[in-house]
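Quick one: the structure is below, questions incoming.
Remember, it's a predicted structure, so these values are computed and weren't measured experimentally.
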Amino acid sequence: MTGAFLNGVIAGYGIAVPVGAIGVLIATLSARDSLRVGAAAGLGAATADGLYALVAVAGGAAVAGLIAPVAVALRWVGAVVLLGLAAWTARGAFRGAATERAERPTTALRAYAGVLALTLLNPATVIYFAALVLGSGGSGGGPWFVAGAFLASASWQLFVAGGGSLIGRLLTGPRGRLITALVSSVVIAVLAVRLVL
């Protein structure tokens with residue numbers, strides 16, 4: 001039990017810690033909207049990691065084999081969604097404070113669902129977990145592995161959301177918001193391009 005849980009924790013941090021487009025998005029949502037919205041987005045990413053760990057424990061090699069033929073298409077879909085997100089972020093940066101207030105604010109539920117869906121478009125996650133489960137002899141520790149992976153991912157994503165919230169408080173003026181939105185937009189676009197190269 002303890003070994004399987006710790007293996008899950010290590011695996012969860014292994015997939016969550018490298019900051020990619022999802023991490024940037026979580027930090028941006030926290031900085032732009034609120035810690036609550038960013039935390040919900042982070043929990044969406046952690047839920048996807050937990051679901052993929054569960055799928056890997058339940059199906060392992062079979063699931064990885066099913067996803068492999070569509071992995072390229074999923075990466076392209078993810079890249080297109082991320083590029084759209086980058087454009088939307090840049091557009092919001094140029095629109096000015098009065099227009100931003102008139103927009104419908106991002107809710108925690110929408111942030112959770114959006115980041116969950118976007119994170120599920122990454123087939124590398126299930127392949128990563130499947131490889132770890134198969135390498136450990138098949139089951140990987142079952143539910144304890146899944147729980148460890150989810151909790152590790154959730155703790156890291158909440159850390160990223162907290163960091164985004166702190167940065168947001170430091171850069172709340174119009175110029176700071178413009179600069180951070182544009183930087184975020186460029187980073188997300190670069191990561192989207194890297195996803196398909």
So do Thr106 and Arg32 actually touch side chain to side chain, heavy atoms under 4.5 Å? yes
Can you check whether Asn7 reaches Trp144 side chain to side chain, under 4.5 Å on heavy atoms? no
Side chain to side chain contact (heavy atoms under 4.5 Å, CB included) against Val160, all qualifying residues, sequence neighbours excluded: Ile26, Ala27, Trp156
Which donor-acceptor pairs under 3.5 Å do the side chains of residues 12-22 make with protein atoms, sequence neighbours left out?
{"from": "Tyr13", "atom 1": "OH", "to": "Ser155", "atom 2": "OG", "distance (Å)": "2.7"}

Val146 and its side chain to side chain contact (heavy atoms under 4.5 Å, CB included) partner, picked from Val55, Leu151, Leu54, Leu51: Leu54
Which side-chain N or O atoms in residues 43-50 pair as donor and acceptor under 3.5 Å with protein atoms at least two apart or in another chain?
{"from": "Thr47", "atom 1": "OG1", "to": "Leu43", "atom 2": "O", "distance (Å)": "2.7"}
{"from": "Thr47", "atom 1": "OG1", "to": "Tyr112", "atom 2": "OH", "distance (Å)": "2.9"}
{"from": "Asp49", "atom 1": "OD2", "to": "Ser153", "atom 2": "OG", "distance (Å)": "2.6"}

Gap between atom CG of Leu29 and atom OG of Ser165 - 0.5 Å precision: 11.5 Å
Less than 4.5 Å apart, side chain to side chain, heavy atoms only: is that true for Val37 and Thr107? no
Which pair of heavy atoms, one from Ala53 and one from Ala149, lies closest together, and at what distance? CB-CB, 4.0 Å
Between the main-chain N or O of Ala161 and the side-chain N or O of Ser30, is there a donor-acceptor pair closer than 3.5 Å? yes
How close do Arg36 and Ala108 get, heavy atom to heavy atom, and via which atoms? NE-CB, 4.1 Å
